[in-house]
Amino acid sequence: MTPWQTVPLSGSLARIREPEQVEAPVFLLLHGWTGDEKVMEPFTRALPDGLWVLFRAPFPAPSQGYSWLAEIPQGGTQLEHFRPAIDHLEAWLHELERRFPQVDWQRKHWIGFSQGGATILAWALHHPQESQSLSVLAGFLPRGVSPYLERQVLLGKPVFIAHGTKDRIIPVDRAQRMASTLEESGARVTYCEEPVGHKVGTGCLRRWKPFWKEVEG
């Protein structure tokens, strides 16, 4: 297994492990609010070989860690609030494509935990062709997405959703509604919930591995 390396990015950095195979897919992992790139490393144990990119969010969180939003808005998080994060991700991807030309950048799989899950959904709604699959782990769907979903921009997109029924930060009914909403818009949703808090349980992690076999073939 190749070693991890830290790669500076414009205004941030990423923790990266290069693939052992040529023309490998890309797995892009986004942490949650107050987290950092290191907290996503355990999820890579369930991933196939590929370029693993663990981003650090561009904005400092109030108490510790980092955030994908410059500030937490009052009255709920809207899709438009993620525009600065999307701009950062666009710039970072351009940097990484130049640095790692050997991987297959057409096979980008997005994985987000909590606020990172909302961020990858915002990215995919703006760039559906730049997202081969989405994994939303203990995350949520931002408000204001109806105009995009009505156009079925995620039609046929594989989406894995994992959530805890005891989650007190993002209640499970939000995840259930998200799964129904995305499925109604044409996405191919795999939904898993189990009795855990704001994290991903072992049962859902076990179901995640077959998801990758199906997506990557």
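Side-chain contact between Val136 and Tyr191 is absent, with no heavy-atom pair separated by less than 4.5 Å. Side-chain atoms of Val7 and Leu13, non-hydrogen and from C-beta on, never get closer than 4.5 Å to each other. For the pair Met178/Leu121, a side-chain contact is recorded, criterion being any heavy-atom separation below 4.5 Å from C-beta on. No side-chain heavy atom of Val196 sits under 4.5 Å from any side-chain heavy atom of Lys166.
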So Ile161 and Thr190, side chain to side chain contact (heavy atoms under 4.5 Å, CB included) or not? Walk me through it.
-> CA-CA 6 Å; Ile161 298 173; Thr190 300; over 6 Å; no
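The CD atom of Glu20 lies 6.0 Å from the OG1 atom of Thr2; values are rounded to the nearest 0.5 Å. Atom CG of residue Leu51 and atom CD of residue Glu97 lie 11.0 Å apart, to the nearest 0.5 angstrom. Atom CD in Gln102 sits 12.5 Å away from atom CD in Gln21 (nearest 0.5 Å). To the nearest 0.5 Å, atom OG of residue Ser12 and atom NE2 of residue His88 are 8.5 Å apart. To the nearest 0.5 angstrom, Arg174 atom CZ is 12.0 Å from Ile169 atom CD1.
Between the Glu95 side chain and the Ser10 main chain, a donor and an acceptor come within less than 3.5 Å of each other. In this structure a side-chain-to-backbone donor-acceptor pair under 3.5 Å is missing from Asp167 to Ala138.
Atom CD of Glu71 has 12 or fewer heavy atoms from other residues, nucleotides or ligands within 6.0 Å.
Using a 3.5 Å distance cut-off with no hydrogens or angles, the side chains of His198 and Ser114 do pair a donor with an acceptor.
For Gln176, the side-chain hydrogen bond (donor to acceptor under 3.5 Å, both in side chains) partners two or more places apart in sequence, or in a different chain, are Glu193.
Glu214 has a carboxylate O that lies under 4.0 Å from a charged side-chain N of Arg188, or vice versa, which qualifies the two as a salt bridge.
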Extract all donor-acceptor atom pairs below 3.5 Å that involve side chains of residues 103-113 and protein atoms in other chains or at least two apart in sequence.
residue: Asp104; atom: OD1; partner: Gln106; partner atom: N; Å: 3.1
residue: Trp105; atom: NE1; partner: Phe100; partner atom: O; Å: 2.9
residue: Arg107; atom: NH1; partner: Glu23; partner atom: O; Å: 3.0
residue: Arg107; atom: NH2; partner: Glu216; partner atom: OE1; Å: 2.3
residue: Lys108; atom: NZ; partner: Trp105; partner atom: O; Å: 2.8
residue: Lys108; atom: NZ; partner: Glu130; partner atom: OE1; Å: 2.5
residue: His109; atom: ND1; partner: Ser133; partner atom: OG; Å: 2.7
residue: His109; atom: NE2; partner: Glu216; partner atom: OE2; Å: 2.6
residue: Trp110; atom: NE1; partner: Glu130; partner atom: O; Å: 3.1

For residues 75-84, dump all side-chain donor-acceptor pairs below 3.5 Å to protein atoms at least two apart in sequence or in another chain.
residue: His81; atom: ND1; partner: Gln78; partner atom: N; Å: 2.9
residue: Arg83; atom: NE; partner: Asp87; partner atom: OD1; Å: 3.1
residue: Arg83; atom: NH2; partner: Asp87; partner atom: OD1; Å: 2.9
residue: Arg83; atom: NH2; partner: Glu90; partner atom: OE2; Å: 3.3

Do any side-chain atoms of residues 25-37 form donor-acceptor pairs under 3.5 angstrom with protein atoms, and if so which ones, sequence neighbours left out?
residue: His31; atom: NE2; partner: Ala57; partner atom: N; Å: 3.0
residue: Asp36; atom: OD1; partner: Lys38; partner atom: N; Å: 3.0
residue: Asp36; atom: OD1; partner: Val39; partner atom: N; Å: 3.4
residue: Glu37; atom: OE1; partner: Arg56; partner atom: NE; Å: 2.9
residue: Glu37; atom: OE2; partner: Arg56; partner atom: NH2; Å: 3.2

Exercise answer: donor-acceptor pairs, residues 147-160 side-chain atoms, under 3.5 Å, sequence neighbours excluded:
residue: Tyr148; atom: OH; partner: His126; partner atom: NE2; Å: 3.3
residue: Arg151; atom: NH1; partner: Pro147; partner atom: O; Å: 3.4
residue: Lys157; atom: NZ; partner: Pro128; partner atom: O; Å: 2.6
residue: Lys157; atom: NZ; partner: Ser131; partner atom: O; Å: 2.7

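For Phe140 against Gln115, the heavy-atom pair with the smallest separation is CE2-CA, 4.1 Å. The shortest heavy-atom contact between Ala122 and Ile86 is O-CD1, 3.6 Å. Nearest heavy-atom pair, Leu134 versus Ile120, reported as atom, atom and distance to 0.1 Å: CD2-O, 4.1 Å. Minimum heavy-atom separation, Ala85 to Thr119: CB-CG2, 4.3 Å. Here the closest heavy-atom approach between residue Ala24 and residue Gly50 is recorded as CB-CA, 3.8 Å. The minimum heavy-atom distance between Phe59 and Ala70, with the atom names listed, is CD1-N, 3.5 Å.
Cluster annotation: Ile170 and Phe43 are assigned to distinct hydrophobic clusters (Ile/Leu/Val/Met/Phe/Trp/Tyr, side-chain heavy-atom contacts under 4.5 Å, transitive). Leu47 and Val200 fall within a single hydrophobic cluster, where Ile, Leu, Val, Met, Phe, Trp and Tyr are joined by side-chain heavy atoms under 4.5 Å apart, directly or via other members. The cluster map of Ile, Leu, Val, Met, Phe, Trp and Tyr, joined by side-chain heavy atoms under 4.5 Å apart, puts Leu93 and Val53 in the same cluster. Under a hydrophobic clustering in which Ile, Leu, Val, Met, Phe, Trp and Tyr are joined whenever their side-chain heavy atoms come within less than 4.5 Å, directly or via other members, Trp68 and Leu54 fall into different clusters. Side-chain heavy atoms closer than 4.5 Å link hydrophobic residues (I, L, V, M, F, W, Y) into clusters, and following such links, even through other members, never connects Leu137 to Val189.
Sequence neighbours left out, the pairs with a member in residues 199-212 that pass side-chain hydrogen bond (donor to acceptor under 3.5 Å, both in side chains) are Ser135-Trp208.
The cationic group of Arg17 lies under 6.0 Å from the six-membered ring centre of Trp52 and within 45° of the ring axis, placing it in a cation-pi geometry.
Centroid-to-centroid, the aromatic rings of Trp92 and Phe55 come within less than 6.0 Å.
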